[in-house]
Peer 1: 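Have a look at the structure that comes next, please.
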There are 2 protein chains.
Amino acid sequence: MKQGSEEQLNSAFAALADPVRRALIARLSRGPATVNELAEPFPITKQAVSKHIQVLEQSGLITRTREGQRRPCHLDPAALEALTSWIDTHRLTVERQFRSLDTVLDTLKEKES
Amino acid sequence: MKQGSEEQLNSAFAALADPVRRALIARLSRGPATVNELAEPFPITKQAVSKHIQVLEQSGLITRTREGQRRPCHLDPAALEALTSWIDTHRLTVERQFRSLDTVLDTLKEKES
DNA sequence: TGGATTATCAACCGATTGGTTGATCAACTG
DNA sequence: CAGTTGATCAACCAATCGGTTGATAATCCA
């Protein structure tokens, strides 16, 4: 599932945009689980959940192993970290920019008095 | 644009899933800009960019002010922070879980020897 | 072997998305 | 005032999305 980092961000953010998939992530953060286990709490078909899981897998947010007929899902913290990293870069940039604007305003105020 | 926090996450993550909108975010992190300024680098129509901006505004990631006929856009760092907060919660949970699994494995290994 | 369990594939459907063109609105400027 | 500029609205289109049902594959178990 190799992708450019741009496509990684596309698919990972898109994956998180769905509340069902976010609930799956939340569940998997507490430990691996199979499709049936993951599907159980939802009022939709197992096929629909299976599709959601494939979306998560393709985005790199989860990985899957084989255990006989089961395919347990595991959350990948590194993939999550890549997202916070992108967001934080820009958040910090804008916050820095705000702070330097504050400094300018403070300086002007000082000159007034 | 009041929404439940669930819908906030839906729309904010969906907003970040598009590379054009992420580029707009990146641009706005370096300071406010108008629609025309934002649209200039893109090979799509100004109307399309205007739609992207409306998506970003609805998601709460940006806010807009009035300056005569211009509508400058401003990036909201708090909205970004809400996203990293959600992601980090689950990332930390799964990392904690990994560490405790490691501990169990180490304990087993010790018993072996 | 044959039946249950786990999971996916395939085809389809309605809604949403990202883009277009053309018209319109609102505010500045001569 | 008329013309230009900044931005949006409206209608449309192809592609994607989230869901369904039904069939199929693969593994386990008795």
Side-chain angles (χ1 to χ4, degrees), chain A residues 1 3 6-28 31-75, chain B residues 1 3 6-28 31-75:
Chain A
M1 223 41 58
Q3 296 177 103
E6 191 77 355
E7 281 76 23
Q8 283 281 6
L9 292 174
N10 289 351
S11 60
F13 280 129
L16 293 186
D18 186 283
V20 171
R21 288 191 294 258
R22 282 200 308 279
L24 293 173
I25 296 272
R27 165 64 186 80
L28 288 173
T34 66
V35 176
N36 277 340
E37 287 164 357
L38 290 169
E40 196 272 322
F42 295 100
I44 59 178
T45 63
K46 196 175 56 172
Q47 287 95 321
V49 173
S50 186
K51 278 192 189 179
H52 281 302
I53 289 170
Q54 287 175 63
V55 170
L56 290 171
E57 189 179 14
Q58 261 221 313
S59 76
L61 291 174
I62 70 171
T63 58
R64 310 185 69 178
T65 51
R66 266 234 161 250
E67 273 177 25
Q69 51 188 335
R70 310 226 198 76
R71 314 270 326 266
C73 304
H74 310 258
L75 188 53
Chain B
M1 223 41 62
Q3 298 178 99
E6 191 76 358
E7 281 75 22
Q8 282 282 5
L9 292 174
N10 289 352
S11 60
F13 280 129
L16 293 185
D18 187 284
V20 171
R21 288 191 295 257
R22 281 201 307 279
L24 294 174
I25 295 271
R27 164 65 188 80
L28 289 173
T34 66
V35 175
N36 276 340
E37 288 164 356
L38 290 169
E40 197 272 322
F42 295 100
I44 60 178
T45 63
K46 195 175 59 171
Q47 288 95 321
V49 174
S50 187
K51 279 192 189 180
H52 280 302
I53 289 170
Q54 288 176 62
V55 170
L56 289 171
E57 190 180 14
Q58 260 221 315
S59 76
L61 290 174
I62 70 171
T63 58
R64 309 186 70 176
T65 51
R66 266 237 161 248
E67 273 177 25
Q69 52 188 336
R70 311 225 196 77
R71 317 268 325 267
C73 304
H74 310 259
L75 188 53

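Hydrogens, waters and symmetry mates play no part in the numbers below; they use all other heavy atoms, side chains included. Just so it is clear: chains get the letters A, B, ... in the order the sequence lines come, proteins before strands, and each one is counted from 1.
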Peer 1: Could you pull out the closest heavy-atom pair between Pro19(A) and Glu6(B), with the gap in Å?
Peer 2: CB-OE2, 3.4 Å
Peer 1: Mind listing the closest non-hydrogen atom pair of Gln8(B) and Ser59(B) along with its distance?
Peer 2: OE1-O, 3.1 Å
Peer 1: Quick one: His52(B) NE2 to dT8(D) P, roughly how many Å, whole number?
Peer 2: 14 Å
Peer 1: Between Pro41(A) and Glu37(A), which heavy-atom pair has the shortest distance, and what is it?
Peer 2: CD-O, 3.6 Å
Peer 1: Just how far, in rounded Å, is C1' of dT21(D) from NZ of Lys46(A)?
Peer 2: 14 Å
Peer 1: Arg66(A) or Asp18(A): which one's nearest nucleotide on DNA chain D is closer to the 5' end?
Peer 2: Asp18(A)
Peer 1: Can you give me the closest heavy-atom contact between Leu28(B) and Ala33(B), atom names plus distance?
Peer 2: CD2-N, 3.7 Å
Peer 1: dC9(C), dG18(D), dA7(D): which one has an atom nearest the side-chain heavy atoms of Arg71(B)?
Peer 2: dA7(D)
Peer 1: Distance check, rounded to the nearest 0.5 Å: Arg22(B) atom CZ versus His52(B) atom NE2?
Peer 2: 11.5 Å
Peer 1: Would you indicate, yes or no, if dT8(C) has its OP1 or OP2 atom less than 4.0 angstrom from a side-chain nitrogen or oxygen of Ser50(A)?
Peer 2: yes
Peer 1: To the nearest Å, how far apart are Gln69(B) CD and dA27(C) C1'?
Peer 2: 5 Å
Peer 1: Do the side-chain N or O atoms of Thr45(B) get closer than 4.0 angstrom to the phosphate oxygens (OP1, OP2) of dT20(C)?
Peer 2: yes
Peer 1: Provide, to the nearest angstrom, the distance between the CD atom belonging to Glu57(A) and the P atom belonging to dC9(C).
Peer 2: 10 Å
Peer 1: To the nearest Å, how far apart are Arg64(B) CZ and dA7(D) P?
Peer 2: 7 Å
Peer 1: Output the pairing pattern of DNA chain C as a dot-bracket string, 5' first, Watson-Crick or G-U wobble with both distances under 3.5 Å, | for cross-strand pairs, [ ] for crossing pairs.
Peer 2: ||||||||||||||||||||||||||||||
Peer 1: Within this structure, what is the CG-to-P distance between Leu16(B) and dG18(C), rounded to whole angstrom?
Peer 2: 12 Å
Peer 1: Could you give the distance from CD (Glu57(B)) to CD (Gln54(B)), rounded to the nearest 0.5 Å?
Peer 2: 7.5 Å
Peer 1: Which heavy atom of Ala15(B) sits nearest a heavy atom of Leu61(B), and at what distance?
Peer 2: CB-CD1, 3.9 Å
Peer 1: Expressed in angstrom and rounded to an integer, what is the separation of Ile44(B) atom CD1 from dC13(D) atom P?
Peer 2: 21 Å
Peer 1: Confirm from the modelled atom types if Gln47(A) and dG18(D) form a donor-acceptor pair under 3.5 Å, side chain to base only.
Peer 2: no
Peer 1: On DNA chain D, nearest-nucleotide positions of Ala48(A) versus Thr34(B): which is more 5'?
Peer 2: Thr34(B)
Peer 1: Would you jot down, in residue-number order, the residues of residues 36-43 of chain B having a non-hydrogen atom under 4.0 Å from DNA chain C?
Peer 2: none
Peer 1: Taking NZ from Lys51(B) and C1' from dC9(D), how many angstroms apart are they, rounded to a whole number?
Peer 2: 10 Å
Peer 1: Out of Thr34(B), Leu24(B), Leu56(B), Ile62(B), which one pairs with Cys73(B) under the side chain to side chain contact (heavy atoms under 4.5 Å, CB included) rule?
Peer 2: Ile62(B)
Peer 1: Just verifying a value: how many Å separate Arg71(A) CZ and Arg66(A) CZ, rounded to the nearest 0.5 Å?
Peer 2: 5.0 Å
